[in-house]
Amino acid sequence: MKNLRLVTRLPQQLQLQIDGETLVASAIDAESRRAFFASSANFIYTVSLPSSSTQEQQLLQWSKTATQHSDMEEVVLDPGDRIVAMDYLMERESLLLGSSDGCLLLYNVEEKTTEVVGRLEGGVNTIASSPDGALLSVTTGLGQLLVITQDWEVLFETSLDPQDETIDNTDSTGGQSRSAISWRGDGKYFATLVAPESFSSPTKLNVWERESGKLHSSSDAKTFMGASLDWMPSGAKVATALDRRTEGKCPLIIFYEKNGLERSHFSIDEPGEVAIQALKWNCNSEILAALVSSGQHDVIKIWTCRNNHWYLKHELRYTKEEGVKFFWDPTKPMHLICWTLSGQVIIHKFAWTTAVSESSIALVIDGSHVLVTPLILGLMPPPMSLFHLAFPCAVNEVSFVTNNSKSHLAAYLSNGSLSVVELPAPDTWEEFEGNGISVDPCCSDFTLNNCMHLTWIDTRTLIGICCYSEHLSSTKIRSSEASNLVDKHDSLFFIHEIELKCSESSVPGSVCSSGWHARVSKKVQLESSVIGVSPNPAKRGSAFIQVSGGKIIEYCSSLNLLNMCPPAQFSGIGSDLCFPASCPWMTAVLCYENGMTEPLLFGLDESGKLYMGKRLLSNNCSSFTLYSSVYGATEPVMSHLLVTTKQDLLFIVDVNEVLLKDIEVTIDGLVSSPARGKQNKEYITVWEKGAKLVGVLHGDEAAVIMQTTRGNLECTYPRKLVLVSIVQALVQKRFKDAIGMVRRHRIDFNIIVDYCGLNAFMDSAADFVKQVNNLTHVTEFVCSMKNSNVSSKLYEAYISFPDQCAIPMADNESSPGLFLGNKVTSVLMAIRKALEEQIEESSSRELCILTTLARSEPPLLEQALNRIKLLRESELLGLDDAKRKLYPSAEESLKHLLWLTDTEAVFSAALGLYDLNLAAIVALNSQKDPKEFLPFLKSLECLPPAIMRYTIDLRLGRYESALRNIVSAGDAYHEDCMKLLNDNPQLFPLGLQLFNEPDKRNQILEAWGDHLSGEKCFEDAALTYQCCSSYQKSLRAYRACGDWRGVFTVAGLLELKREEIVQLAHELCDEFQALGKPGDAARVALEYCSDAERGVSYYIMAREWEEALRVAYMLSTHDLVEAVRDAASECAASLIAEYQEGLLKIGKYAARYLAVRQRRLSLAAKLRSEDRFMDVEDDSVSETSTSFSEMSAYTTRESSASVMSSNASKSRAARRQKKGGKIRAGSPGEEMALVEHLRGMALTGGAQNELKSLLVALIQLGKAETARRVQEAADSFEVSQRAAVKLAEDTVSSDRVEERAHTLERYVRMLRDRESGHGEAGGTWRINALSPPVTG
């Protein structure tokens, strides 16, 4: 779906030297970008061609350049001889000229010299060089074919018609016969065709081999038209023209294969008397141009083929007097160069544009027809269409505009006239299916000369760019028009503003294709050539005009002002909207920027660079379009930019991201390698190479239409656009449209709740049900609900979810009776309520309500069964009212419920209702075996009601209900009640609430206490026993938990005798000593046994020195004081020895740690120097680094593989932990084990308290010197331990170990200096009075 648009037309007039002189031949130097023209007076004219896009700013100046500024040289020939053929030889940088007398001349372009290289009998007819320039093929007027090398050696010479060597190759008038040569693109073959003597004489197309000169193949003899011949550069087929004038039919263009067989053909749809003078393929074999001559004018027709159909895309008309000829630029496939006999050279620059308008209507030009298809109604790849518009002659350009309920199409025809048709709203076009609508040209007093860029700026106003110059115009300008020109030498391009009026009254819903009047209301000259025009969507009567170089000017129509000088019609556009280069593909759209709608310009240049104003968005773009997610807007605001790249990737970018970020949609920019296991969602891979965007379907359709190189149309629905459309519908609360898109595109239904938010959706549930109004769709929605926020996980890569979507979903167990926080249950409850309020009673509604109950989490099966139970009861009553008929049968409802949920759960829920009949019906409908459930139900039926409920509750695990039912059964079942309590201890609190009798309560309390004792909860058990006055068990419980105060309190409650209490105290002392609680044993011995010696000894065992000394002095017993003194002295000596030994261990461990750390760092540096990890894959780096960190100082490179397994390392770590952290020399964990061991050597809080108590007791006993030695030893040990830990922490995080800086002695000094500087004592256990004197 493409149309060929004329981007710009650049004419130049050569000033010929002699009156009556005409141009006769042309050649082109593709490398140096220059064209050569030979005249009938034997002059060679050289014209420089515009080369690259950087020179487009000088295009207008090129058009004004005359021959006096170009090269011109005369070739001297014999009198009467003239140049008839010419070709450029690139290697020699010369022109090979052929004359009518048979002279071959080599004209050096640079040196302006001429050399005769040969002479052929019969004169030269055609010269054609091979694609590689190595060979030259020449035909003569006598019908001879010569193939010559660059050294002028003849490879072979033969007759053009080898089957008839004696044929006379002169026409009846004595002139030379015309012939044509065309080489295949690879140069292996070439084809020749001789023009027939008359239009009824058959000839053959011959294909020759390059090297041998043999005839490879020949076609059947046909009446070919003239010498029209051209081999497609790709080599697929050869184009020729078939003359059918004898049949009174128009010519055919026939395509032949290399083997001489006809492949296909098509008719040019012209009168039978026309003749095809020339056929030319462009350099990429995509376009075929033909010069067609009729009695009135000469026309260059341009075709392209899609879906095996040849479309006439453009016509260029010239007068017979101009004698136009043409050739394609050999390096620029869209550049057509025409030249006339009088020396006019015109460069036509074309560009392919999408035939799909912004309103998604395809308008495909096919000759005099425009094929119309609204894509919203269906995809019809051309040449199919919904209907077509028929015009008087070929259409060159169309412009389309839609406004409210009407659409207007303007067509610029090849004869210079304008046609306009008014169509009704596109949604009514189905009635035109298969029809053809004839369109008359507008009534006007002007002719649009070489019009380009026809654009609507209002529903009654058009603008077009015309190339206006009297001596350069292919269509003569009327005198009235020429008088309006400012200066025909000052400007070539003018803006024509055309005002349209319709004399016929418009009937709503009808087509208005006649009665249109057009007049040029304004002409404004331009100072540069125009590249593109786009209407300004933000302002009526305005358009953006792009001139050479990418500069943008805004044209504003001012119909209410009569005399406007040209500058007043233009307003300067800021540099942000101008393009850095000329962009033949340009569009202006509305976008939101900073909360306001602003027009943005997007442009694509020929090199594939996509710009938004001056910003580069992509440097390898092949096509682009824009999509609007706005629903039902008359002027849609574009929300997304769609880009296809040359790597066949489709990007969909939010316009807001383009505006906010400096993004570049390139392969190096957005295409990033996805993480393993994740799909890259930044782009979509295009399924067929070379497919391009032709249009989109805006709004809820969210479709992207692409066309392949074959011509097929493919419609896709990118997930990102679909989600954006769904979100847009949800924001606008169009729930019916949203659920329709969700179902159509298989999107998770949870997005409807997750995006709106749980609370917002529950508030809108009634609107949701009312809008959807389809119980089948509501049921699908209900069955798809999940508790987690599914959508944010599935679609977070495509769209952003608002903050309210992240509602934490509470677990069902944490709030079993509440719906708040349970997404599924909350949503389904809101839907159920809305169904009951918004939907009329019906069988479908009831089934939908049952679905909401069954799909709740947990399923509300009892409520569902209660509804079914009511239906069953009404059926049993035999009610036959109208309301009953609105509901389904109980059996149907039950089967629906069983289909939705587990049958066992439904059966259990039926039992839970204590309705045995209902349970039996459920069992029967769930395919259960009657032998299994009937005996069970019959046994339940024989039980008393309370026991039946109790039995059912036990089966269902409803123990609280079972307890209530068994209690209600009476005292006869009290043993069963106690058994239930003992089996389910959580019921003891409820059991106490259900019984009032003291005996039964005490029995429950005692059983509860026994349970707590069994669970080792002795304190709770003791209190529970006391509540039921079971003091013996309470005493045992206190004794078991070691609470001697509780024991003696309960002993008092039991009123034990003095002897029994003393005996109990002795037993407790022995127990506490065995349990490692000598302090408690000491208190019991002193308070209840009155045994001071035993109590003091227990205090000494507990190392409570101060308390032991206090008791000894309290009793004034010298022996006890001495015992305390001796024990304290012995403990002091033991501690001093321990601290000294610990100090040695700290030094040894610190030295070992430093050695291991230094060895590890040396090994790591060695591995890095060998670049060991440079080639490791990303997903193995973490594993390798982990393994490296576990390498010990003795691990070699060869053995590193033994620690690669993370499972093995975990098991080793577990074994080390079980062995108490034993340090194994050379193991991978030795380094960290040493650090942990040093940290574990720190003094604990209990050890510090015992040390402080010992120091105080020694001072009180007069052993201050001993206390000082103990404090010094402990202080040295503690400071060394802290210094070693600090040393390890500093070196673990460092990559270097310095021998002088990282030593234990240095860290000890630093620690002591810091403590002395801050006046810190270092620990709470130290006694300042024992500080040693400062020496030295």
Side-chain angles (χ1 to χ4, degrees), residues 1138-1170 1172-1173 1184-1197 1199-1200 1203 1209 1212-1213 1216 1220-1244 1247-1248 1272-1323 1326 1332 1334-1336:
E1138 288 180 7
Y1139 290 143
Q1140 290 175 349
E1141 182 182 359
L1143 192 62
L1144 293 176
K1145 288 183 178 180
I1146 289 173
K1148 183 176 68 173
Y1149 290 152
R1152 175 63 181 170
Y1153 165 77
L1154 290 174
V1156 171
R1157 182 65 181 168
Q1158 183 65 42
R1159 176 74 179 269
R1160 182 187 298 277
L1161 294 176
S1162 300
L1163 180 59
K1166 183 179 179 181
L1167 293 178
R1168 282 196 300 269
S1169 66
E1170 296 177 2
R1172 177 176 176 81
F1173 300 108
T1184 306
S1185 61
T1186 302
S1187 303
F1188 174 73
S1189 66
E1190 293 182 353
M1191 295 172 67
S1192 71
Y1194 305 102
T1195 304
T1196 62
R1197 293 179 60 184
S1199 63
S1200 64
V1203 294
S1209 62
R1212 285 194 294 270
R1216 285 198 301 269
K1222 183 179 179 181
I1223 303 175
R1224 296 180 58 188
S1227 65
E1230 180 186 6
E1231 181 180 344
M1232 296 310 300
L1234 288 168
V1235 176
E1236 292 301 323
H1237 197 78
L1238 287 172
R1239 288 173 178 159
M1241 294 179 71
L1243 293 176
T1244 63
Q1248 292 182 13
E1272 286 182 359
D1275 180 72
S1276 298
F1277 172 79
E1278 186 189 37
V1279 171
S1280 296
Q1281 185 269 337
R1282 289 163 53 199
V1285 171
K1286 178 65 175 173
L1287 171 63
E1289 290 175 349
D1290 289 350
T1291 53
V1292 162
S1293 59
S1294 175
D1295 293 336
R1296 290 194 307 168
V1297 176
E1298 299 180 5
E1299 295 183 0
R1300 295 184 179 181
H1302 294 135
T1303 61
L1304 181 61
E1305 294 77 9
R1306 181 173 179 273
Y1307 272 77
V1308 169
R1309 288 196 302 272
M1310 290 170 56
L1311 198 59
R1312 289 195 180 280
D1313 292 343
R1314 185 165 63 249
E1315 290 179 355
S1316 61
H1318 291 80
E1320 299 176 357
R1326 289 180 176 82
V1334 179
T1335 60

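Just so we're clear, the structure is a prediction, and the values are computed from it rather than from any experiment. Worth knowing before you read on, the calculation uses all heavy atoms, side chains too, and leaves out hydrogens, waters and symmetry mates. Positions are given from 1 along the sequence.
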>> So which atom in Ser1280 and which in Leu1143 form the shortest heavy-atom distance, rounded to 0.1 Å?
In response: OG-CD1, 2.9 Å
So do [Y] and [X] actually touch side chain to side chain, heavy atoms under 4.5 Å?
X: Phe1277; Y: Glu1138; value: no
X: Asp1275; Y: Arg1312; value: yes
X: Gln1158; Y: His1302; value: no
X: Lys1286; Y: Leu1311; value: no

State the [atom1]-[atom2] distance between [X] and [Y], to the nearest 0.5 angstrom.
X: Arg1309; Y: Leu1304; atom1: CZ; atom2: CG; result: 10.0 Å
X: Glu1272; Y: Tyr1139; atom1: CD; atom2: OH; result: 13.5 Å
X: Tyr1153; Y: Leu1287; atom1: OH; atom2: CG; result: 7.0 Å
X: Arg1157; Y: Met1232; atom1: CZ; atom2: CE; result: 9.0 Å

> Are Glu1236 and Arg1239 ion-paired here, with the side-chain N under 4.0 Å from a carboxylate O?
Replying inline: yes
> Hey, mind stepping through Ile1146 and Met1241 against side chain to side chain contact (heavy atoms under 4.5 Å, CB included) and telling me if it holds?
Replying inline: CA-CA 8 Å; Ile1146 289 173; Met1241 294 179 71; 3.6 Å; yes
> Counting N and O atoms only, with roles assigned by atom type, does the side chain of Arg1152 sit under 3.5 Å from a partner on the main chain of Leu1234, one being a donor and the other an acceptor?
Replying inline: no
